[in-house]
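In what follows, a structure is listed as structure tokens, so that the remarks can point back to it.
Small disclaimer: the values here were computed from a predicted structure and weren't measured. Lettering of chains follows the sequences in order, A, B, ..., and the numbering in each one begins at 1.
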2 protein chains.
Amino acid sequence: MPSRLHQKALESLGTRIVDGVLPAGHIMLAEDLESELGVSRSVVREAVRVLQSAGLVQSTKRVGIKVLPRPTWNPYDPLVIRWRLRSSGRGAQLRSLTEMRVAVEPMAAELAADHAPEWVGEQLHDIANKMRATGQDARRFQQLDVRFHAVVLAGSGNEMFAGLHDAVAEVLTGRQEMGLIPAHPHEEAIELHLDVAEAIALRRPAEARETMNEIMRATIDEIHQEWAGTPRSDAGF
Amino acid sequence: MPSRLHQKALESLGTRIVDGVLPAGHIMLAEDLESELGVSRSVVREAVRVLQSAGLVQSTKRVGIKVLPRPTWNPYDPLVIRWRLRSSGRGAQLRSLTEMRVAVEPMAAELAADHAPEWVGEQLHDIANKMRATGQDARRFQQLDVRFHAVVLAGSGNEMFAGLHDAVAEVLTGRQEMGLIPAHPHEEAIELHLDVAEAIALRRPAEARETMNEIMRATIDEIHQEWAGTPRSDAGF
DNA sequence: GAGTACTAATGTCTGCACAGATCGGCGTCA
DNA sequence: TGACGCCGATCTGTGCAGACATTAGTACTC
């Protein structure tokens with residue numbers, strides 16, 4: 001519902017930058033962008049402001065709008081994540097997100113077991129049971145999976161952990177769209193989810209952490225091939 | 001440089017929202033903001049767009065600019081983090097960031113030991129040695145500390161880990177500004193940093209992880225009191 | 001209660017003036 | 001002659017003011 005033109009301009013510029021079509025150091029002029037995108041100054045300027053807040057560009061007087069190098073991009077900006085998952089940088093983004101999950105989700109489970117209100121454990125139990133009941137429908141299974149991990153992240157009571165939930169969702173849905181998930185969800189994975197739910201409900205932090213850790217290990221095994229060839233970013237210093 | 005008028009507007013609105021002066025659900029009109037901030041329409045609009053991309057507000061026709069509830073804020077937006085660290089939400093933000101560090105940094109150390117180029121290990125060794133040599137100057141010591149952890153995060157080769165470095169820096173500098181760090185840096189902490197550097201240089205992932213984990217434990221002990229009373233966010237579901 | 005006209009607010013466009021950073025010319029000095 | 005530094009010309013983003021377009025609540029009609 002929000003402004004269509006603004007989003008269109010934003011999307012056009014953002015995807016081209018993330019795809020590398022507009023490389024770091026490339027300089028654009030606001031006036032050219034107007035005619036190129038077929039929109040007015042105000043639209044271009046607002047889009048550029050948003051890109052600037054995401055660290056993708058920097059606009060300076062007398063020179064123009066410069067595309068910044070990747071290390072300055074905000075890797076947590078939802079727009080940047082979406083664009084990268086649909087670009088050639090997909091492998092690197094997927095690996096980054098998965099490593100983040102591996103680091104965070106076990107601790108989130110531990111914290112949830114420590115501090116989360118009771119209904120979190122109940123809800124997790126509920127979701128895990130539905131996952132078991134959902135036999136064939138891979139799509140439904142994956143929706144439940146997304147929800148399960150979102151509840152754990154939110155249940156940790158840590159806002160930054162909770163804030164990862166849409167990124168995690170995009171990873172999981174993206175995985176399925178590429179047919180990377182086995183049609184038959186592992187029986188073992190389901191059991192692990194049930195175990196996590198129970199550990200959180202019964203307030204057993206160490207057990208929750210370790211079980212979630214096993215889920216993460218399985219996740220890595222499933223997705224590992226995806227980024228097999230992608231090089232690690234050589235963080236400039 | 002600070003003549004960026006829209007940055008002032010952004011700061012004014014952002015801090016007031018994060019401070020809770022403008023509560024969730026509060027509705028503002030662009031026209032009122034113009035007169036209130038003493039700026040023109042375009043400035044207000046660009047500031048609002050940036051706030052919108054951070055999830056702090058949503059502007060809809062016929063209604064106005066509505067302040068969104070905290071769960072929709074992007075907890076990774078640098079602006080949001082800065083504002084929260086200077087607001088009453090400081091305790092919660094500090095706890096979130098520290099828990100994030102505890103989850104991420106051990107894994108970052110492990111990944112760095114696995115994949116980082118040699119000069120990362122050398123540089124870490126260098127920094128840790130300087131930390132030992134720096135006796136009294138707490139300020140200098142803390143700068144080195146910030147740099148050490150930034151190099152580890154970047155050395156992991158994970159862009160999302162690397163992206164945490166300025167947030168970590170703000171936590172550490174903020175801690176010192178509040179006099180939360182002992183004047184005498186622990187001899188033990190210095191040894192641990194040296195050990196991490198060595199583990200990474202010698203490509204011992206497990207050791208790097210475990211040693212970094214000990215540093216994180218010490219960090220929690222130092223900072224724990226800061227958020228003693230702050231409630232955990234009850235993630236709405 | 002469903003449909004419709006109204007209206008208030010954001011969205012978009014355009015012309016103008018200002019600010020400040022870069023570039024190039026000019027003069028000075030070695 | 002050549003290098004350096006000052007200084008104005010010029011270019012581009014920034015900010016302002018006012019217009020029109022669009023759309024989503026709202027109230028009114030039937």
Side-chain angles (χ1 to χ4, degrees), chain A residues 1-17 22-69 72-74 78-79, chain B residues 1-17 22-69 72-74 78-79:
Chain A
M1 315 64 176
S3 61
R4 188 65 201 139
L5 278 185
H6 168 75
Q7 280 199 342
K8 174 186 152 198
L10 195 61
E11 200 83 9
S12 171
L13 285 176
T15 52
R16 272 187 291 170
I17 292 174
L22 301 173
H26 181 80
I27 287 180
M28 314 169 278
L29 273 50
E31 196 178 346
D32 297 342
L33 292 179
E34 296 176 33
S35 52
E36 179 188 332
L37 300 172
V39 296
S40 76
R41 278 207 304 283
S42 50
V43 173
V44 168
R45 286 175 44 175
E46 288 168 24
V48 167
R49 280 277 186 266
V50 173
L51 291 174
Q52 191 174 25
S53 82
L56 266 67
V57 304
Q58 182 186 20
S59 86
T60 57
K61 280 181 179 7
R62 171 64 185 177
V63 45
I65 298 148
K66 181 163 53 177
V67 177
L68 297 178
T72 72
W73 300 354
N74 179 1
L79 292 173
Chain B
M1 316 69 178
S3 75
R4 299 291 207 285
L5 214 36
H6 96 273
Q7 278 198 346
K8 296 196 179 206
L10 194 63
E11 201 83 8
S12 170
L13 285 175
T15 53
R16 272 187 292 169
I17 292 174
L22 300 174
H26 180 81
I27 288 181
M28 312 169 280
L29 271 51
E31 194 179 346
D32 298 341
L33 292 179
E34 295 178 34
S35 53
E36 179 189 332
L37 300 173
V39 296
S40 81
R41 184 115 174 242
S42 50
V43 172
V44 169
R45 290 186 53 82
E46 288 169 25
V48 168
R49 277 277 190 264
V50 173
L51 291 175
Q52 191 174 24
S53 83
L56 267 67
V57 304
Q58 182 187 16
S59 90
T60 56
K61 278 184 200 288
R62 179 68 193 215
V63 172
I65 297 149
K66 183 164 52 176
V67 177
L68 296 177
T72 73
W73 300 354
N74 179 1
L79 293 173

Work out which heavy atom in A:T72 is nearest to a heavy atom in A:G55; give both atom names and the distance.
->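 So the two residues come closest at OG1-O, 3.1 Å.
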Any idea which heavy atoms bring A:A30 and A:V44 closest together, and the distance?
->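 It is O-CG1, 4.2 Å.
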Compare the minimum distances between each of D:dT12, C:dT7, D:dT23 and the side chain of B:R62, then state the nucleotide with the smallest one.
->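 Given the options D:dT12, C:dT7, D:dT23, the side chain of B:R62 is closest to C:dT7.
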Which whole-number value in Å describes the distance from [X] [atom1] to [N] [atom2]?
{"X": "B:M28", "N": "C:dT10", "atom1": "CE", "atom2": "C1'", "result": "14 Å"}
{"X": "B:Q58", "N": "C:dG11", "atom1": "CD", "atom2": "P", "result": "10 Å"}
{"X": "B:I65", "N": "C:dA8", "atom1": "CD1", "atom2": "P", "result": "18 Å"}
{"X": "A:I27", "N": "D:dC11", "atom1": "CD1", "atom2": "C1'", "result": "13 Å"}

Just wondering, do A:H6 and A:V39 contact through their side chains at under 4.5 Å, heavy atoms?
-> no
Given side chains that start at C-beta, do those of A:M28 and A:V67 come closer than 4.5 Å, heavy atoms only?
-> yes
Please tabulate, one pair per line, each protein N/O and nucleotide N/O from nucleotides 12-17 of chain C that are separated by under 3.5 Å, including the distance.
residue : atom : partner : partner atom : Å
C:dT12  : OP1  : A:L5    : N            : 3.0
C:dC13  : OP2  : A:S40   : N            : 2.8
C:dC13  : OP2  : A:S40   : OG           : 2.7
C:dC13  : O5'  : A:S40   : OG           : 3.3
C:dG15  : N7   : A:R41   : NH2          : 2.8
C:dG15  : O6   : A:R41   : NH2          : 2.6
C:dC16  : N4   : A:R41   : NH2          : 3.3

Would you kindly check whether a donor in the side chain of B:K61 faces an acceptor in the base of C:dT10, or vice versa, at under 3.5 angstrom?
-> yes
Do the side-chain N or O atoms of B:S59 get closer than 4.0 angstrom to the phosphate oxygens (OP1, OP2) of C:dG11?
-> yes
